[in-house]
Amino acid sequence: MQRRVIPRNQWREELDSFSRSHEGWIVRVEVTEPSGRSHVEAGDVPLQGVTADFGSTPTIAVMVGDLQYTYLTHQVANPKLLEFEQTEAGGISALVVHSGDGTKTVVEFRSPMRPEDVDGLPFRKSEVRS
């Protein structure tokens with residue numbers, strides 16, 4: 001597994017491109033607290049998009065779910081590091097966001113592959129933890 005750290009001045013551009021090329025892909029959102037305790041925020045849901053906001057409190061928002069049935073926006077306040085985990089073939093297997101308080105949010109793909117290898121595979125209705 002390779003990691004690619006994204007420079008902060010490229011976050012918006014990278015996240016916009018990532019969102020366009022991975023919209024609808026099935027993901028799992030897992031949050032690990034500084035204590036090491038982790039929990040799944042959402043499992044087996046389609047990715048809607050990821051955005052960066054550099055307002056008074058910088059935030060990265062991860063939007064997931066099926067808009068008809070379930071939807072979740074997970075906010076990462078005060079993000080400090082953004083990186084992609086990549087397969088040997090160059091596909092993104094996960095987006096990892098580290099916040100200033102030590103919390104780590106991982107948006108992991110169920111089937112990592114390069115976007116050009118995907119042929120519009122359908123997604124299924126899923127559940128989001130509230």
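Put simply, the side chain of Val106 does not reach to within 4.5 Å of the side chain of Leu95, judged on heavy atoms. When side chains are defined from C-beta on, Gln75 counts as touching Thr59, because their heavy atoms get closer than 4.5 Å. Side-chain contact between Arg28 and Phe109 is absent, with no heavy-atom pair separated by less than 4.5 Å. Residues Leu81 and Val96 have side chains not in contact (no heavy-atom distance under 4.5 Å, counting atoms from C-beta outward). Within the 4.5 Å cutoff, no side-chain heavy atoms of Gln86 are placed close to those of Arg3.
One distance of note links OG1 of Thr51 with CG of Asp16; it measures 8.5 Å at 0.5 Å rounding. To the nearest 0.5 Å, the span separating CD on Glu108 from CD1 on Ile26 amounts to 13.5 Å. The line from CD of Gln10 to OG of Ser17 is 11.5 Å long, rounded to the nearest 0.5 Å. The structure places CD of Glu83 at 13.0 Å from CD of Glu14, a figure rounded to the nearest 0.5 Å. Here the OG-NZ distance, from Ser99 to Lys80, works out to 9.0 Å after rounding to the nearest 0.5 Å. How far CZ of Arg20 is from CG of Leu15: 10.5 Å, rounded to the nearest 0.5 Å.
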Are Gln48 and Val64 close enough, and set up right, to give a side chain to side chain contact (heavy atoms under 4.5 Å, CB included), and what steps lead you there?
-> CA-CA 5 Å; Gln48 296 299 323; Val64 298; 5.7 Å; no
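Smallest separation of non-hydrogen atoms from Pro34 and Asp101: CG-O, 3.0 Å. Nearest heavy-atom pair across Ala42 and Val45 is CB-CG2, 3.9 Å. Closest heavy-atom contact between Trp11 and Ala52: CB-CB, 4.5 Å. The nearest pair of heavy atoms linking Pro79 to Pro58 is CD-O, 3.3 Å.
Checked against side-chain hydrogen bond (donor to acceptor under 3.5 Å, both in side chains), Lys104 has no partners two or more places apart in sequence or in another chain. Listed by chain and number, the residues in a side-chain hydrogen bond (donor to acceptor under 3.5 Å, both in side chains) with Glu33 are Arg37 (sequence neighbours excluded). Not counting sequence neighbours, the partners of Phe84 by the ring-ring contact (aromatic ring centres under 6.0 Å, His included) test are Phe18.
Atom CD of Glu13 is surrounded by 12 or fewer heavy atoms from other residues, nucleotides or ligands within 6.0 Å.
Under the 4.5 Å side-chain heavy-atom criterion for Ile, Leu, Val, Met, Phe, Trp and Tyr, Ile60 and Val31 are members of distinct hydrophobic clusters.
When each of Glu30, Glu41, His74 is tested with Thr105 by the rule side chain to side chain donor-acceptor pair (under 3.5 Å), just one qualifies, namely His74. Applying side-chain contact (heavy atoms from CB on, under 4.5 Å) to Val97 and the options Val76, Val50, Thr103 leaves one that passes, Val76. In summary, of the residues considered (Val107, Leu47, Val27), a side-chain contact (heavy atoms from CB on, under 4.5 Å) with His22 occurs for Leu47 alone.
The backbone N or O of Gly91 sits less than 3.5 Å from a side-chain atom of Thr87, completing a donor-acceptor pair.
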